[in-house]
Each structure stands twice: as C-alpha cells, then as structure tokens.
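Worksheet: the structure to be examined is printed underneath.
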2 protein chains.
Amino acid sequence: MTTYVYSFECGDGKNKMLLGGKGANLAEMTQIGLNVPPGFTITTEACLAYLEHDVLPNGVMDEVRAAMRELEQKTGKGFGSATNPLLVSVRSGSAMSMPGMMDTILNLGLNPATLEGLIHQTDNPRFGYDAWRRFVQLYGKIALGVPDELFDEAMNALKAKVGAAQDVDLTAPQLKDLAQTYIGIVEQHTGHPFPTDPMQQLEMAIAAVFRSWMGKRAVDYRRQFKITPEMANGTAVNVCTMVFGNMGNDSATGVGFTRNPATGENVIFGEYLTNAQGEDVVAGIRTPKPIAEMQQEMPRLHAELMELRNKLEAHYKEVQDFEFTIEKGRLYALQTRNGKMNARAMVVTSVEMASEGVITREQALLRVNPALLEQLMVPTLAPGANAVALATGLPASPGAASGRVVFDADTAEARGKLGEKIILVREETKPEDIHGFFAAQGILTARGGKTSHAAVVARGMGKPCVSGCAAIQIDVHARKARVGDAEFVEGDVITIDGSTGKVYAGRIPTVEAEFFDELQTLLEWADEAATLKVRANADTPNDAARARRFGAVGIGLCRTERMFNDPGRLPVVQEMILADTPEERQDALDRLLPFQREDFKGIFRAMDGLPVTVRLLDPPIHEFLPTASQLEFEIDHLRNLKRAVRGMNELPETLRMLDPELHHAYVDSLDHLNANLVQYEQQHRFDALIARREAMLRKVHALHEVNPMLGHRGVRLGLTNPEIYTMQIRALFEAAAGSLREGVTVNAEIMVPQVCTKEELVRVKAIFDTELDRVAALLGERPHVRFGTMIEVVRACVRAGSLARVAEFFSFGTNDLTQATFSFSREDAENKFLPFYQESKILRENPFEVLDVKGVGRLMQMAVQWGREARPDLKVGICGEQGGQPDSVRFCHAIGLNYVSCSAPRVPIARLAAAQAKLREKEYSTSVFD
Amino acid sequence: MTTYVYSFECGDGKNKMLLGGKGANLAEMTQIGLNVPPGFTITTEACLAYLEHDVLPNGVMDEVRAAMRELEQKTGKGFGSATNPLLVSVRSGSAMSMPGMMDTILNLGLNPATLEGLIHQTDNPRFGYDAWRRFVQLYGKIALGVPDELFDEAMNALKAKVGAAQDVDLTAPQLKDLAQTYIGIVEQHTGHPFPTDPMQQLEMAIAAVFRSWMGKRAVDYRRQFKITPEMANGTAVNVCTMVFGNMGNDSATGVGFTRNPATGENVIFGEYLTNAQGEDVVAGIRTPKPIAEMQQEMPRLHAELMELRNKLEAHYKEVQDFEFTIEKGRLYALQTRNGKMNARAMVVTSVEMASEGVITREQALLRVNPALLEQLMVPTLAPGANAVALATGLPASPGAASGRVVFDADTAEARGKLGEKIILVREETKPEDIHGFFAAQGILTARGGKTSHAAVVARGMGKPCVSGCAAIQIDVHARKARVGDAEFVEGDVITIDGSTGKVYAGRIPTVEAEFFDELQTLLEWADEAATLKVRANADTPNDAARARRFGAVGIGLCRTERMFNDPGRLPVVQEMILADTPEERQDALDRLLPFQREDFKGIFRAMDGLPVTVRLLDPPIHEFLPTASQLEFEIDHLRNLKRAVRGMNELPETLRMLDPELHHAYVDSLDHLNANLVQYEQQHRFDALIARREAMLRKVHALHEVNPMLGHRGVRLGLTNPEIYTMQIRALFEAAAGSLREGVTVNAEIMVPQVCTKEELVRVKAIFDTELDRVAALLGERPHVRFGTMIEVVRACVRAGSLARVAEFFSFGTNDLTQATFSFSREDAENKFLPFYQESKILRENPFEVLDVKGVGRLMQMAVQWGREARPDLKVGICGEQGGQPDSVRFCHAIGLNYVSCSAPRVPIARLAAAQAKLREKEYSTSVFD
C-alpha cells in the first residue's frame, strides 16, 4: 500500500521528485534538529493520482487525519479548538522551483469559533479579523473558485466608505465587517455556506493545490522553461503548523545570512521585528532592527539564533540565507537556502570557512565559481550608479572606464600626453592605431566582433573594450558621433563597460579592482591542488610583469607581430614590405632586429627563468598596411592639400586629419596658417607623401586575399619570405645569449604558426639550427631554446604524430582551430548567423568563448594522443582565447595538457578552474565526445 | 668467393641492382630464347669494389677472360683474330636509367690487324676505317682521358682541307688518315703507344666505365633526380658481341613496335634497312623501308621477325618497342622495352590483347593509366600543329577551342546568336556571366585559380577553360587585351588549350573527342570489375543526359544554385535578396519555384530511375549580386548617360557597356542615336535603374564578409532564411510527385551543405517532413526521397556518428573540406604560396587536385567508420573535384565509399580507376596514413 503522507520527521530530504523541493527542505531541516514548525507533506504521487482520476486516492485523507492528530499532539493545540486553535498553511511545492505559479492557503483552520480563540490568545482583534478575512478570500478563490475581483470590489467599496487610503488603515471592526461581506460573496457565488469544518477545509485545499499543477500559469511556465516530467512531475502539498511572531513581546520574526553576503565577514547579518509577522516587514510601517540588537533585547533567543546559524553552516557547509519566527519565546526555522553573495564575499567566506574547519580546503576551492573572479580583476561600475545605457555593443574586453571621446589614434595620443582620460571611438581599429590604444582608457568600436583587432588588442592590454556597437554612427571628419538621439562631439565624456557591452553618457563612478589577501590565499591553495599550469599571453616586458602579478608561471604566447606595431617601428615594417630589392628588404629587417632583441631581453628579465613561448610572425603582411580605402582617402586629401597650399587656400580640416598636433598649435591663429603651410609643404614634400601612399596602395591591391583567414600567413609567409623568420629567430637567440651573459636565467621556446605538415617545420628548424650555430659562434653562448609548433590548423591535429617528430612541444591555437573546424569565420559569424544559432539553440555556446569539446576538443584529444605516441614527453598547451574559460580549462586538464595560457586578468580564473578540474577529475567522463 | 661476371644465359633477369637495367634486360631476353648477341655482365659489386680500392677486384679479369673465351666459342670468332675478328661493345648500365650520363665504347677489339680482317669481311673499307677512327677517339677519350677537343680540331682541320661539309662526305682514305692522326694525338697526350692488345683494351675500358659512375655528370644527375644508393648503387658493365647489319645484302638493321603505337592495330610496325647499320638510319642517307616489305625481300627472316614479335608479347604481355640487326642472315634482338603509345592505342591494344588471350581482362584493365583517357574525352590540338603559345595560365578545364575574343557575357550571347564561335575573355567571371558561358566555346580569365567560378562552371559544362592567365591585361572599356607584345581587339581569333593552360593566337586545328568501340568495351569490363560506382555532377537535364552518355550511373551532385544563375531567373533571385518585406520575398520565391520544379522534372526524366542527389542552396547570397565595384561603375555610367541624354550628347561607349544589342543595332547610324536615346530613357527610366543599383550596392555592403569561404552560406543561410530551403524542397517534391504520375521512375535524394552539427540537420529535416506531408496531401503522391548531408566541414567528420542518426547518406565535399583542413583558401593559395610549396616539395601534390590522403583522407576514413557505426547501411559518396582523379578514386574505394561523383568527362577515367582500385585492393595498405 502506497504511503502518501510523510511527516517532516520521516520524509526523505533528498527525494525532491516525491516531496517537492520545499517538502524535502522542511524534512531535512527538521531531521538535523532545527526547530521547524511541525507538519507533513502529501506526495506528488498523490497529486498525479488525483489529476488522473479527479478524486483524491483512497487512504490519503485517512493518512492526513492521522498526521493532523500527530500535529495536535506535538503542538498541544487543537484543529478546530476554540481555546487553543491549531492553524496550518497549505503550500504547493514541486521538484523544480516555480515561484508564484501554484497556490498557497494560510491560516487554514479558522472559523468563527477558532477566530475567537486566536483573538483571545494574541489579544489582538485586528490581527485576528485581518487573518480571518484573508483566509476567507484566499480559500474562496483557490478552493472554491470565487473570482478575485468580487473581493477586491468589496474591499475598495469599504475603503472608499471609511476614507481609508490603504488596507492597514482599516480598523478591527471594519475588518470584521469585511470578512462578513466576503463570506456573503462566497456563499452567494457557490450557493453553499462557507465551510467551517477545518477538516473539510483541509481536504478541499489539498485538492485545490493539486489542481493548480495543471493551471494555465503553471503549464505555461513549464513550457517556457522547458521543465519536462523527468525534472518535475506533479506538486506535493505541505501542511505546516502556523506560527506567529506577533503573539506578544516574546514573539518576533526575521531574516538572516549566516555571514555578511556583501563582505564575507564572519558575522551573522540580518534584521528582525518583535511582535510582528513577516508582512509587517513588507508593509514598511516599522523599521526592522539589526540582529545584533537581539543580544540585548532577547539574549536567550539570540544565543539560540547563533546556535541555529552554526547548525545551518555545519550541515549545509555553505553560507545560509534563512527565515525565522519566534512565537512566545520559541524560535522556529521556517526556511533556509544557500546565500547569494558577490565575488568578494564568496572568496572571503571560502577561505575563512576553511580556516575555521567548517569546510575543507578542497570544498573551499570547489565552492567558488571561477568566472566570478573576473569582476575582481577589472574596474567595475560602482554598484549604486543606476545609469541607463545609451547603447549596447559586444562585451569585448572586461572592465569599465570613462574618458573623453576621441575619434583617431593620433589625437588620442596628443590629448593623452596632456593628461586627459580618453575613450578611443572608431568604426573599427587597425594595427596602425596601436598608439591610440596605449593612450586610451578604453576602446569603443562600431564594427567588429569579439576577435576584431580592437577586442584582441584591448584584452591583451587589459583595457576595457566594447566592440561592434552598431547603434553608433561615427562621422570622423565632422569629429562627432551619434547614438540614437544623443550626439557627441570630440571631447565629450562617456563611460563604457566592457563586461556588459554597455555605453553610457557622462562619467559613471567606477570601483577599482582589488587583489586582497583571501584571494591570494585561495589562489595559492588552487596552485597547490592543480596539476595544470597557468601561463599568460604577453607581448611586452610590461605585459610580462603584469602577468606575473596575476600569478602566471610563464608566457604561453608572445606575439612577435605586436612588436612590429609600435609607431616607431611600423614605418620600418612597411619599408620592409614595400622594398623593391632584397637588399632594401634586408636593410629594413636589419633595423627591426635590435627592436625585437631588446623586447625579448626585457621579457626574459621580467620572467626570470619562467618559460617564455615566442610565436614567429603570424598575420598576413597586409595587416601592417593601411586599408585601400584609407589610402585612397589620404591620397585624395593630400592632393587637395597640395592644391590648397599652391593656391594659398585654407584647408584646416584636412590638415587636422593629417597632423593633429600642427593643427592644434595653429588652430587659433589662422593668419599664421598660410605661411606655415608653405613651410609644411617644404618639409613634407607632398609629392613624396602621395607617391609613398600610391606605392602602398599598389601593394595592398597585390596582397589582397579573398579569405585572409585562410591565406598567405604564418609559416606560409615564413617560408616564402625566409628572411623574416631568420631575423626573428636570430633576434631571439641574440637576446637569449645576451641575457645569459648578464646573468638572467632564460627559458625560451620558439613556435611556428599555421603549420599543416611536417615538412614546414623541417624547413623552419633548418633556419633555427643555422642561426643557433651562428649566434653561438658569434657570442660564445649557446642558449637552450625549445622548438615547437602551434596546432591551429586541422591538418596539424590529424598529422600530430608526424609533427611531434620535429616539434618538442605543441600549443593549441583554438581561435583559428575553431574557425577551421566549424568553417565559421569568427568576424563574420558573430555579426551574422551566430547570434541566431545561439538563440535558437542550434549551438548551446559560442564556440569562440567556450571550447567546443565534441568537435574541436575531439581533434585536440587525438592530437595529444598521437603526438605523445611519437614523443612521450611532448609538452602540450593551449593559447587560444578559451584558455581562461573554466569549462575549457577543465577539458584541457582532462585530455592531459601541461598548461593553459590566457590574458593576464583571466589567469586567476584559470588557476582556480585548474584546481577544480583536478579535484573533480574523477567525475569527468569520456562520454563528453558522444 | 664472389662471382663478378654473369653471362647473359646465367644472369638473374630480375636483379637490376646487381646487373643494372640493361644487363638484366639482356639476360632476360637471352633466357626466353631470343637470339641476343652473346655477352656477359660485370656486376655493380665489382664497380663498388673498384671505386673503393681504385683497382679491379681480384679475379674479375680471370672471369672476364673465361667469359671472352666462351664468346669466341659461341660466335666462332677470335678476339684479336685478323681473319674473323670478335669485336665487342662495353656499355654501362645501372639499376636506374640515367641516359647519356655514363660511358660506352663500341667496336672494342679493333687494332690494325683486326681492322684489316673487318674490311675484308665487309668488303667495305670506308665502314672499316670509320669504325676504327671512332673507336680510337672514344677509347682515347674514355679509357685514356684524352680531351675530346683535340679530336674535334683534327676532324675540322681535315674537313676544311678536303672541303667536306659533313663527316659522311669523307672518303675511306681520308678516314684512314684521320684515324692515324687520332692515334698520334693519343700517343702524344699519353706518352704511350696506342694499346693494340684487345684484352688490355678491354680491361682499361671496364675500369673507365666503372669510374664514370662517379663522373661529375652522373653525380649531378643523381642529385638532381634524387637517386639514392637504395635505388641504384654503382654501374654494371655489359660486354656484348658486336653484330653488323652491313655485312652484305643478307644483313640488315631495324626497329619495330609489336603493334601500331598510333592506332593500336594488331600489325607489326617498324622500318628496316638492308646492308646498313643503325647510324645509317640516323644519318638519313637512305630511306628505311616498312617492315611489311621484308616479307618479299627476306621471307625467312620476316617469319623469324614475326616469331620474335610473338615471343616478346607472350613474355612481356605488353606491346614492345624493340631493335634488331640481321648479320649475314642471322636475326639478333638487341633491345626491347614497353612501347610508348597514345591513349587510343593503349585502349585498343588492351582490348585486343585480352580478346586474343595474350593478357587477361584484369591485365587489360590494369594496363591503361586512367588519366590517359582524359585526352579521349575532349577536343585536343591537332598533333601536327606546332604553334607557339603566347601565354600560359592554369589548365582549369580540359580541351581545346578556338573562337573570337569577346570581353563580356552580353556581347558573347549576342554574337553567339549570330552563329559565331566565341572565347569569353574576362578578368574573372561571376554568376551573372552564366549566359556568356552558354554562348562561348571556351573561357579565358586573367585571375582566379582552378576553383575560381570560371573554372568550376566550365568544368561543369565540359567547356575548355584557362584561368589565372596573369600575362593577359584586359581593358574591357577599350574592348582590347594585351598579351606580352601582342594585342587583341574584340573579334580577333584565339585558341586556348584547357588541358595545358596555353593560349595561342589565331585558329589552331583541333581533333574532336572519340568514344570508340574498344573504349566502350574496356569501360564495360571496368564496370563489371568495380564495386565503387561512378556518378556525375550535373545541374541541368542536358548535363544529366551527357553524364549518362559518359556512363555515369547517377547524379552525385546537382547544384540548385546553378538553376538560379540563368539570365531569366537571376533578376528574380535578386528581387528575393533585395525584398524589403517577407511578402515580397515570398513572392519572388513563388516565381522561382516553377523553374526549379521543371528543372528537377527534366533531370528525373533524363536519369530515369538512376539516383539523383540534389544539394540545397550553398553559396552566400552575395554571389548572386554584382560586385560593389561593378555596381559603382554602372551607377557612375548611368549618371553620365542620364546627363548625356539630357544634353543630347553622345556616349556610345557607355551605351555599349550597358546594352550591347542596342549599341550593335545603332553603331553605324549615330544620327539615329540621339533620338533613340530619348526613347531609351523613356523606356528605361534611368532614375529607377540607378535606384535599383544603389539598393543592390547597399545590400552588397551589408552582405560583405571578411572570409566568405567561412561565411553565411549553406545550411547557415538555409536556417536563417528558411523560406529558401522550403521553396527548394517543395519544388523537388512537386517535381518527384509529378514525374511519378507521368510514369517516370524517380530516385531522388536531398542533401544539406555546410552542416557542422546534428541540430542543423534536424531543423532542415523538419522542413522536409512538413513539405512532404503537404505535397502528398496536395498531389496524392508521396515520393520516397532520401535525406542526407554533405560532409565538407571538418566538424561534420568529427561528429559523423551523430549526423548519421539523422542523415541517410553522406557526400564528401572535398573541395571545401580540403580548404578547411589545410586552412588554405584555394583561390588565394593557388595564386600565392601553393606553387612555391609544390616546387620546393613542401607538398608533393596540389591537394585540390589529388586528395590529401594523410590529412583530409584520414578525416574521411574516420567519418565513414563512425557514420557506419551509427547507421550500418549508411551510403557514402564523394562529389569533390578529386572524385575523378585515379589515386583519389583508389583511396575512396579503400575506405569503403559507395560511389564517386565527378564532372561528366572524367566519368570514364573514374570508371577505369574504380576497376583498378578493386583489382589492386589487396596491395593497398593502411600505412597510407603514416
């Protein structure tokens, strides 16, 4: 015979499918010794049987009557007693939380007789009549199907009649009359007397709550949130003794957190009101008191509350957010759940609870969601600032920043030198804008996805960036931008939040990042627990130093092309590209070499023996030239300017574009301008400027590619133009040898991008060997530098066994690998079909943010396996964007990678994720590929 | 004790490493009973020992002397005999053929005494002295190291003195004197008398030939052709009795093919000269006679020659190309090798030799290189036409064609209608040029690789195409093109050869393709032997009919977008793209549907029950719009034209661009033009034309993609714009149902392009199911149509197991799959780094022509395996370009594909390759992936 009713003492606290979430929770609290008001749960099985046959199953009411008798014994009250009445709440509760979707009835058991007893007990007629009229309304509506409007009309009529503004203004006699009116409404609508038999009330209430599972609201909700019968099937009914915090000054009600959810401090945090019930707090008539005051006001109950707090944490091993009521000096726990906390509080409580022994270090590490740490690494908008965003773009690089709008990199640099805070606002950015990035607090672009140039460079620098903000229309030449109805001229202040993609007018206060002690401690524990190492992507000595501050144990990706983009070097790079003869080209390369060498030395110094993996030139060389349209525009303007100067005309607008500093200096004295223009022409020789741009334009056309992502780049460029890689490799060896002689420990690795076949590696290795001999002969030092390959081309995964015969290490470039595996161009996909794919759940995640385990991951796993079969000590890492994403870190650990490398601010996230990956590795299944 | 010398009777004919190729061949011929002049081979081991110690190894000369005695016995001649002298040739011969790289000495054994004997025997003093002076020179040079110039100077001095123009003009006495002069040169240079002892001559000659293995020429040759010691190590020396065809009228010399190498006819083919030696044929003094004449002239020897021919074919089971000499009525076989034949002869001889029982059918199938068949499927340049090419581009679609140069598709169409033969010459082509393809005999482009639009469309139509011919500069507006120094105006005739990429001025005669009986027979045998089926790629009913003529047993790829490119439909497609509202878009689609339906019906009718696999729309939609620069150009010109018409100006040039037919009609009557321009404007309303182009331009900009290859196309487009696939699927079902009602058997399959995840297939399958129900309800027929997926995205390979749960079949699109696997954009790679990669052997083959087995192939093999694990009866094919390439066909067979699909003219190649793949499947190793 099926059991349909379980008392809170007997229910299985883990069986939410049977008892619902609320019933299970009440049972669990009861069974760990918390003083929960006695009660019982009627199972979801009863609900399903009721819904199938439209009648409560046999025996249910017999069990309910027995359970009610138990309640009477435990409480000493009587169900229907006029002197000491037992009142109960009847609440729904399914396995999945569906807040507000199903029905609840309070104060069941009231009738004219028990009402008198309640009034007598509380000595509060107003409370009694209020409870009574509420019960009549709720019961009438839910159990008897009386339309709610009828009650509302009566209430409004009464308030109008007595001149009451709010419900709380009504007096006890008025409420008594209202209840009588309500009973009339019910009796008129149903044609029957209002039921006064408590057990009859209860039976009808139980059936009504069961019916609410199939109510329209509930059905719609389940459809909307895709709640299937496997997740929740039917609702349970919880019948629970009513307790009242308003039974005198030895009664109270309150809510509390076991620790401060804002700071994590180990102090109970909450509020209470004496002689009050929950709704009094909501109504706001009285101001609740902090729980600390309870120590004076009710010392015994405060001590009991502390004990309750300790029991909760000891059992749940989590900060709890709980509700309590004190009825006549007796403390009841009504509800508890895990407390919601901000990132800082999560970290602080983790470290402290572990130190206190409430939880283990492992539990402390597992408790914090690594992604939460991001908000601790970057400035954020101050919590109080409820500004309304003007527009939303893509959250391309996290953090918030304010500054003056500037529309080009030169102006940004010029104004930055004057100490101004700048937000660089561009249609899109190019490598030649790099000095603008250095000068700016943040970057905002109208076009481009999360791997656009702006996004990637900003993340590398740790500066906030909002990209692809299509709502912004920029008119560079008029020096203004429009966002919806708002217009900004250069110099206006805006704020961007790269964590949300939002753009605000004016300056919004921000909160700086903090790297506090508990975070340090937690991350040290993480490093001890983890086996997967965490490195950072860093391109300069400054980046390297910053990476170490974030706890990186090496540099997994040093992009040598970033060194080319420095404004002092880009012209030399362009000379190299435009060279007509091998000699001219070599001359340009010879001038670039010292730059690269000194950069490498700086990085070696900063990393002091930690591994530094240098990637040879990767992008197609046309990326170092301006776009065709930019060049056409400049040539056009130079021609105009030339004409203007010849004719002594004024064209200050053009000049501003070409040389903002000069324009700035002379803008107020146009009289001087013409004279200076003559000088300017003499200095700059327009024809030469035009000729140079025309040469560039020809080269840009010659270098044009239909699909640059799959074009002439990486090792393909390195082999067709071997002098470039030769220069880079030589610079690295010279830097290593020089550093060694200066006493710096060097742990360097060179890797080749875009490799698809072993033979490519063999050719580059030949250059490597030649240059190593050369440098060793020249400098008398033979640095030990490892030789490896990027794995970012699909074929490199398939041929991993062959590549590993030449490469000493692999580094997965999962950005490119993901593009090639899906045949998605990231720049195109994120602006076109990818949002639709995510919204319509064709893809669950954006594979450029979260590693696609089933596709890309499978290729990686094969590459690791085949690579290690050929070279068992093969070192393998990942330097794609996903390297700092917790789920991806977990996968990388599972397939045996040695390290992940990510941007510096994500290093702490990856460190924690690496620890969690190790601690949870047994849970990880190979079925991830299925 | 090592044996260094093997007589031809004893040598192992298979051991080329020991005996060299020539020695092994002579031994084999001797041992199968051919009358080879007696001789012996000194092994490569002797050579290596000699080179190591600089002296002939012990015993070699003893063995040589014994072998010489044997020769004397066999020939009845004496080595050094003055009456019946034995002369020998001393030839090099290593395991690998190295023509001309090492030394050979003829007529060894001559000295003043034996010379007299020779003259007496031949009764030909001139022959004797000529042989003598040649021997002195060769021996002096090779064995004694005398510089060749010294002999040449003496020869030239003599010729000047006696007034002889050529060597053959010298008389016997003059040659006698010359030989004497040569002996003086040798003796002066060496300081020793010229050796007259034959055995001494022989020993020195053997050593000299051995030394030539390490001569500069030979060493360079081996380096150049990468001949390693594993392939050939040292040279052997062959000492062979000299036989002379000039010993009287019972002597002769000749060459023969066992069958006609030009036609394959089973008739001996060759020439001979009586009383002559080989060099007489070369000198051209006498005209050789066809072998047929020998039957009259020397009937016994003719019969012996027939016997020799039969023995050769019976043994080698191949048509042989052999040399013979008849010395005094005795027939000697001097050399034989497999005959080089053209494609037709290969096919004819295969079928006939099999019919005659010389070889088996299997041998007949294995004997023909499938790639050879290509020249039988397309027109070729007539063999005699030795024209010099003006320029060379990429051989993008095979076949040769001549026609008038035309620079745009409209003009091509207009002139084509007048019956002119046209070669469409464009910078590059776009889908909107399709009517120009229909009108043209061939296509020539200045830009684009072998998968450029021009190449793919031309191959699909079976028309010749030369693409990426960078040497051509086209000025469309001036209607002329420049190739080097040559200039062509529209209407000039050129010839292109799409099999070689060459472009010629004027009309070069071509030979039409032929599909003769023996080819039909061979291909029928192939179909019986093969298990892999061969289908064709075909987009129209005409294509389908053509594919059947080539023997395709189905259509593996029917590209629905080709149906959109028809000039009658493209404007409707553009309306669909430009539609502002869903209704407008649906309206355009509703007008496209009947076109697609009728196309499908035509194809079903043509294929009559054979499978037809239809691919849903694949390319990005911007491919159906003109390029931005084209639109900008047109808008600019339309504005000019508008101004011109307003001002009654003349702008015939512009008009020609816009409307060639109108221009054509009025070009001779410019008086009419202005009046007509007014009418033209009234008809065309320039403002509307401009507005339409401006709308297109905005759309082109909105649709712009950074990497279109990885962009918004295929199923991504089909899911974001489901109305397009809905229309296509509905059209197919309606066509199938309609065909069934008309009694046509329909065997249709629908496949989805660019799929990367199962969910995409699920969504398209939902459209498929809905439309099937709809059409079944409407038309009362429920056609059985299979649902499958292209596998052309890497992720689709990795997720094959998952996709196979929805897809009933797979079709590998190895063009795109190769691009994604290598991260090579084919269009960019073939113009940039890929030629370098092939030249420098980083890649052995162009992976877009020959399937990359180790990378792409491995992914395919995994996809087949995983797909069949999920669905054991999964049908798998390939429809990429490589589907017609023999090595790729072999691989497809090996991994268990059901069919390959290729362009129609490659179907016969694939059929033969499929048969060979089956016959050789046991040789195929899984180590292909290593």
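Chain A is the first sequence line, chain B the second, and so forth, proteins listed ahead of strands; every chain is numbered from 1. Since the model is a prediction, treat every value here as computed from it, not as a measurement.
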### Message
What part of F836(A) gets within 4.5 angstrom of chain B, counting heavy atoms only: side chain, backbone, both, or neither?
### Response
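Side chain only.
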
### Query
Which region of L834(A), side chain (C-beta onward) or backbone (N, CA, C, O), has a non-hydrogen atom less than 4.5 Å from a non-hydrogen atom of chain B, or is it both or neither?
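Contact with chain B involves no heavy atom of L834(A) at all.
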
Under 4.5 Å from any heavy atom of chain A - which part of [X]:
X       : answer
V755(B) : neither
F824(B) : both
A702(B) : backbone

### Task
Give the member of L703(B), V798(B), V706(B) that has the highest number of heavy-atom pairs under 4.5 Å with chain A.
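Top option by heavy-atom pairs under 4.5 Å: V706(B).
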
### Query
Between V856(A) and V794(B), is any pair of side-chain heavy atoms under 4.5 Å apart?
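A side-chain contact under 4.5 Å is absent here.
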
Please list every donor-acceptor pair closer than 3.5 Å that links chain A with chain B, giving the two atom names and the distance for each.
from    : atom 1 : to      : atom 2 : distance (Å)
H704(A) : O      : K832(B) : NZ     : 2.7
V706(A) : N      : D828(B) : OD1    : 2.8
V706(A) : N      : D828(B) : OD2    : 3.3
N707(A) : N      : D828(B) : OD2    : 2.9
N707(A) : OD1    : M709(B) : N      : 2.8
N707(A) : ND2    : S825(B) : OG     : 3.1
M709(A) : N      : N707(B) : OD1    : 2.8
L710(A) : O      : S825(B) : N      : 2.7
R716(A) : NH1    : S823(B) : O      : 2.9
R716(A) : NH2    : F822(B) : O      : 3.3
R716(A) : NH2    : S823(B) : O      : 3.2
E760(A) : OE2    : Y837(B) : OH     : 2.5
R763(A) : NH1    : S840(B) : O      : 3.0
R763(A) : NH2    : S840(B) : O      : 2.9
R795(A) : N      : T821(B) : O      : 2.8
R795(A) : NE     : D852(B) : OD1    : 3.4
R795(A) : NE     : D852(B) : OD2    : 2.7
R795(A) : NH2    : D852(B) : OD1    : 2.7
R799(A) : NH1    : F929(B) : O      : 2.7
T821(A) : O      : R795(B) : N      : 2.8
F822(A) : O      : R716(B) : NH2    : 3.3
S823(A) : O      : R716(B) : NH1    : 3.0
S823(A) : O      : R716(B) : NH2    : 3.2
S825(A) : N      : L710(B) : O      : 2.7
S825(A) : OG     : N707(B) : ND2    : 3.1
D828(A) : OD1    : V706(B) : N      : 2.8
D828(A) : OD2    : V706(B) : N      : 3.3
D828(A) : OD2    : N707(B) : N      : 2.9
K832(A) : NZ     : H704(B) : O      : 2.7
Y837(A) : OH     : E760(B) : OE2    : 2.6
S840(A) : O      : R763(B) : NH1    : 3.0
S840(A) : O      : R763(B) : NH2    : 2.9
D852(A) : OD1    : R795(B) : NE     : 3.4
D852(A) : OD1    : R795(B) : NH2    : 2.7
D852(A) : OD2    : R795(B) : NE     : 2.8
F929(A) : O      : R799(B) : NH1    : 2.7

### Query
Which atom pair, heavy atoms only, marks the closest approach of F833(A) to G711(B)?
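Looking at all heavy atoms of both residues, the closest pair is CE2-O, 3.7 Å.
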
